[in-house]
Amino acid sequence: MPVRTRFAPSPTGFMHLGGLRTALYNYLYARRCGGQFILRIEDTDQERFVPGATEVIYDTLKGCGLTWDEGPDVGGPCGPYIQSERKDLYLPYAQQLVESGHAYYCFCSKEEIDERRAAVEAAGGTWKYDKHCLHLSKEEVQEKLAAGIPWTIRMNAPTEGETSYHDTVFGDMTFPNAEAMDDMVLIKQDGMPTYNFANVIDDHLMGITHVMRGMEYLSSTPRYNFLYEAFGWEVPTYVHLTTVMRDAQHKLSKRDGDAYYSDFVDKGYLPEALLNYLALVGWNPGDEREFFTLPELVEAFDIHRLNKSPGIFDVQKLTWFNAEYIRRMDPEKYLEAAAPWFDRVLAGKGIDYARLAELTQSRTEVFNQLPDMVAFLAELPDYDLELYTHKKMKTNPEVALSSLKLVRPVLEGLTDWSEASLHDAVMAAIQEAGLKNGAVLWPLRIAIAGVANTPGGAFEIAALLGREETLRRLDIGLRRLENA
RNA sequence: GGCUCCGUUGUCUAGAGGCCUAGGACGCCGCCCUCUCAAGGCGGAAACACGGGUUCGAAUCCCGUCGGAGCUGCCA
């Protein structure tokens, strides 16, 4: 039987990183096995409907290269792939369960249930639906239905015995039915199936062989199995995935502003880096490789190497991955990616982006660092004269003044303003004066950059700024040092 | 509370009784290179939650304790 996996997000408007990893693993396993990867949108909760949310899902998956074989936009033999469009399909299945005694109509209102729940909890008990409506006769049910009383359909869960299943990651699981089961709602008052019900129906109808999902479903799986068995359907292989955490206590969450794919991409993280990193939170290839293209991940992926313990999302490691990916980028691609970030502060300044790109590529961990890194090129910052002091370079404002005085005529007399001739001319002057390189180059770089750290040295910066601007800044430095 | 799962350096992990004086990676620290910052090279500190067993031998098996997480919705 061909492997079929699915990613079944609910359209909330954002792609959570944990969800993206789930999608990735589903994709990887399907591809690894030469099977199919299906995208299904679970929007049975109409109150949570967010316009445009499905596009976010499409865009994210596409941006990451996770292609699906069947889904709302590409169709397929098991469509539709949006649960709200399948709405009418679920009720007959629920009714079938009513017929067989595995489910029943419930006419309790939310208020009535809340009341009973409160009473039980006040008495120190644990509430579970009390099967109140299970005991209605067929006639009573018909009457209430005919009278138009709002209803739901509930599962008639067993109250004794236990349910066992095997999970690929967690092994053999056994739950006492009295604890794990309850008469969960299958069809809601609004006619929509609950997630739990729609999930089982759809996974079966779509021929899903491997259900890979978050481990929060570990303890509700017995209820799913009850449904599969009630229908006489084959139970899929379960692969429960650990949670991606922010820290030991908390899941990655929207409140932290760092849980979504878009948060990272907007900051200038590369989708490939994000995906590579995410793949390694909760899974490893069994050897010491860390860098994987998507095809390489497909090749290496093995559901038996999935971890059982939750992983904490480490932005630092992600950032390192991103920096590595940036360093490995084709220089032209890097230039293309960096240019918009340069533009934020350098637009119209006539800076040589190609050279700037060469200088910044190995210094960029995340693209959003670029504007701050290069802003000094646009305008000389109002710097503190103490920047001229550097112990190791053997320089201070006094030394700097004489160094700049030495260098000023050399630069002035240059006809070819290239890095090479700047280098040769200045180095010759330093030699001749018998000075240490640092004692001249540090002050020069500070004078023309106005910041302690720059992507490149004095010659690169001077070349980037051009003759006129370099001399202008040099003069500002000289003036300030003379007046100090 | 009940049920269930998890527990190797700060973090991701390797480890399926002797190969472990516990390996790799990020981060951290130091040195080298160097006009700064990166990059690069070299080196370092840093872990088997705890307590009992089983065994000639335990990070690996068993029990307990502690810690953390999940579920306990007409959310998914």
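Protein chains get the first letters and strands the later ones, always in sequence-line order, with residue 1 at the start of each.
- Rounded to whole Å, the separation between the P atoms of rC5(B) and rU11(B) comes to 24 Å.
- For Asn453(A) and rC35(B), the shortest distance from a side-chain N or O to OP1 or OP2 is not below 4.0 Å.
- Nearest to the side-chain atoms of Arg305(A) among the listed nucleotides rG40(B), rA76(B), rA14(B) stands rA14(B).
- Aromatic ring orientation, Phe321(A) versus Tyr325(A): tilted (interplanar angle from 30° to 60°).
- In this structure, Arg328(A) satisfies the cation-pi test against Phe291(A), with its NZ or CZ atom closer than 6.0 Å to the six-membered ring centre and inside 45 degrees of the ring normal.
- Where Ser109(A) and Arg445(A) each meet RNA chain B at their nearest nucleotide, the meeting point lying more 5' is that of Arg445(A).
- At a threshold of 4.0 angstrom between heavy atoms, the contacts of Asp287(A) with the nucleic acid are absent.
- Using a 4.0 Å cut-off between a side-chain N of Lys or Arg and a carboxylate O of Asp or Glu, Asp203(A) and Arg40(A) qualify as a salt bridge.
- Base pairing annotation: rC74(B) forms no Watson-Crick or G-U wobble pair, as no partner gives both donor-acceptor distances under 3.5 Å.
- Proximity note for Thr194(A) (side chain, C-beta onward) versus rG24(B), rC12(B), rC74(B): the nearest is rC74(B).
- Rounded to a whole angstrom, the distance from the P atom of rG70(B) to that of rG23(B) is 33 Å.
- In this structure, Cys108(A) and Leu441(A) both approach RNA chain B, and ranking their closest nucleotides by distance from the 5' end singles out Leu441(A).
- Of the candidate nucleotides rU4(B), rG2(B), rC35(B), rC35(B) has the atom lying nearest to any side-chain atom of Ala458(A).
- In this structure, the CG atom of Asn322(A) is 13 Å from the P atom of rG27(B), given to the nearest Å.
- The side chain of Glu216(A) lies closest to rC71(B), out of rC71(B), rU13(B), rG2(B).
- Across all strands shown, Tyr277(A) has no heavy atoms under 4.0 Å from either base or sugar-phosphate atoms.
- Between the C1' atoms of rG10(B) and rA49(B), the separation comes to 16 Å (whole Å).
- Comparing the P positions of rC61(B) and rG68(B) gives an interatomic distance of 24 Å, to the nearest angstrom.
- Residue Thr174(A) is in sugar-phosphate contact alone, with no base atom involved, counting any heavy-atom pair closer than 4.0 Å across all strands shown.
- At a cut-off of 3.5 Å, with distance as the only test, no side-chain donor of Asp172(A) or Tyr165(A) sits close to an acceptor on the other residue.
- Other residues, nucleotides and ligands contribute at most 12 non-hydrogen atoms within 6.0 Å of the NE2 atom of His132(A).
- As judged by a 4.0 angstrom heavy-atom cut-off over every strand, Gly286(A) is placed among residues making no nucleic acid contact.
- Distance Tyr224(A) OH to rC71(B) P: 11 Å, rounded to the nearest Å.
- At a cut-off of 3.5 angstrom, the base of rA38(B) holds at least one donor-acceptor pair with the side chain of Ser362(A).
- Using a 4.0 Å heavy-atom cutoff across all strands shown, Thr44(A) reaches sugar-phosphate atoms only and no base atom.
- If you take atom C1' in rA22(B) and the same atom in rC29(B), they sit 22 Å apart, rounded to whole Å.
- Evaluation of atom-type donor-acceptor distances gives no pair under 3.5 Å for the side chain of Lys251(A) against the base of rA69(B).
- The aromatic rings of Tyr260(A) and His16(A) sit perpendicular to each other, their planes meeting at more than 60°, with 30° as the lower class boundary.
- Distance from the side chain of Thr454(A) is smallest to rU36(B) among rG7(B), rU36(B), rC5(B).
- No N or O donor and acceptor, one from the side chain of Thr126(A) and one from the base of rG2(B), sit under 3.5 Å apart.
- For the OP1/OP2 pair of rC35(B) and a distance below 4.0 Å, the side-chain nitrogens and oxygens of Asn437(A) include at least one atom meeting the criterion.
- Between rU55(B) and rG43(B), the distance separating the two P atoms is 44 Å to the nearest Å.
- Evaluation of atom-type donor-acceptor distances gives a pair under 3.5 Å for the side chain of Lys392(A) against the base of rU34(B).
- Of all nucleotides present, only rC66(B) satisfies the Watson-Crick or G-U wobble test against rG7(B), with each distance under 3.5 Å.
- Residue contacts for Glu324(A): at a heavy-atom cut-off of 4.0 Å it reaches the sugar-phosphate backbone alone, with no base atom in range.
- In this entry rC28(B) has rG44(B) as its Watson-Crick or G-U wobble partner, both defining distances falling under 3.5 Å.
- In this entry the distance linking CZ of Phe321(A) with C1' of rC12(B) reads 9 Å, nearest Å.
- Between the CG atom of Asp190(A) and the C1' atom of rA76(B) there is a distance of 14 Å, given to the nearest Å.
- Relative to the side chain of Arg327(A), the nucleotides rA39(B), rG73(B), rG27(B) differ in distance, and rA39(B) lies closest.
- The closest side-chain donor-acceptor pair between Asn322(A) and Glu365(A), if any, does not fall under 3.5 angstrom.
- Look at Lys317(A) and you won't find any side-chain N or O under 4.0 angstrom from OP1 or OP2 of rC12(B).
- Checking rG23(B), rC74(B), rG10(B) against the side-chain heavy atoms of Lys188(A) singles out rC74(B) as nearest.
- The side chain of Ser10(A) has rA76(B) as its nearest neighbour among rC12(B), rG40(B), rA76(B).
- Phosphate proximity of rU72(B) to Ser219(A): absent, as no side-chain N or O sits under 4.0 Å from OP1 or OP2.
- Atom name P, nucleotides rA76(B) and rG18(B): the rounded distance is 48 Å, in whole Å.
- Neither OP1 nor OP2 of rG24(B) sits under 4.0 Å from any side-chain N or O of Arg289(A).
- Within 4.0 Å of Lys308(A), counting heavy atoms only, lie sugar-phosphate atoms of the nucleic acid but no base atom.
- Computed from coordinates, the Gln249(A) CD to rG67(B) C1' distance equals 9 Å when rounded to whole Å.
- Note: CZ (Phe170(A)) to C1' (rA69(B)) measures 10 Å, nearest angstrom.
- In this structure, Met215(A) atom CE and rG70(B) atom C1' are separated by 6 Å, rounded to whole Å.
- Side-chain proximity of Asp314(A) to the nucleotides rU4(B), rU11(B), rA76(B) is greatest for rU11(B).
- Checking rG57(B) for Watson-Crick or G-U wobble geometry (two distances, each under 3.5 Å) identifies no partner in any strand.
- Between the NE2 atom of His390(A) and the P atom of rU34(B) there is a distance of 15 Å, given to the nearest Å.
- Remark: Gln189(A) CD is packed, more than 12 non-hydrogen atoms of other residues, nucleotides or ligands lying under 6.0 Å away.
- A salt bridge is defined here as a Lys NZ or Arg NE, NH1 or NH2 lying under 4.0 Å from an Asp or Glu carboxylate O, and Lys128(A) with Asp183(A) fails to meet this definition.
- With a 3.5 Å ceiling on both atom-pair distances, rA39(B) lacks any Watson-Crick or G-U wobble partner.
- Using a 4.0 Å heavy-atom distance criterion, Ala452(A) is classed as a base contact.
- With P as the reference atom, rA47(B) and rG24(B) are 14 Å apart, rounded to whole Å.
- Remark: Arg289(A) does not engage Glu296(A) in a salt bridge, criterion side-chain N to carboxylate O under 4.0 Å.
- Backbone-only engagement by Met173(A) is indicated by non-hydrogen atom pairs under 4.0 Å involving sugar-phosphate atoms exclusively.
- The nucleotide whose nearest atom lies closest to any side-chain atom of Gln189(A) is, among rA69(B), rG40(B), rC74(B), rC74(B).
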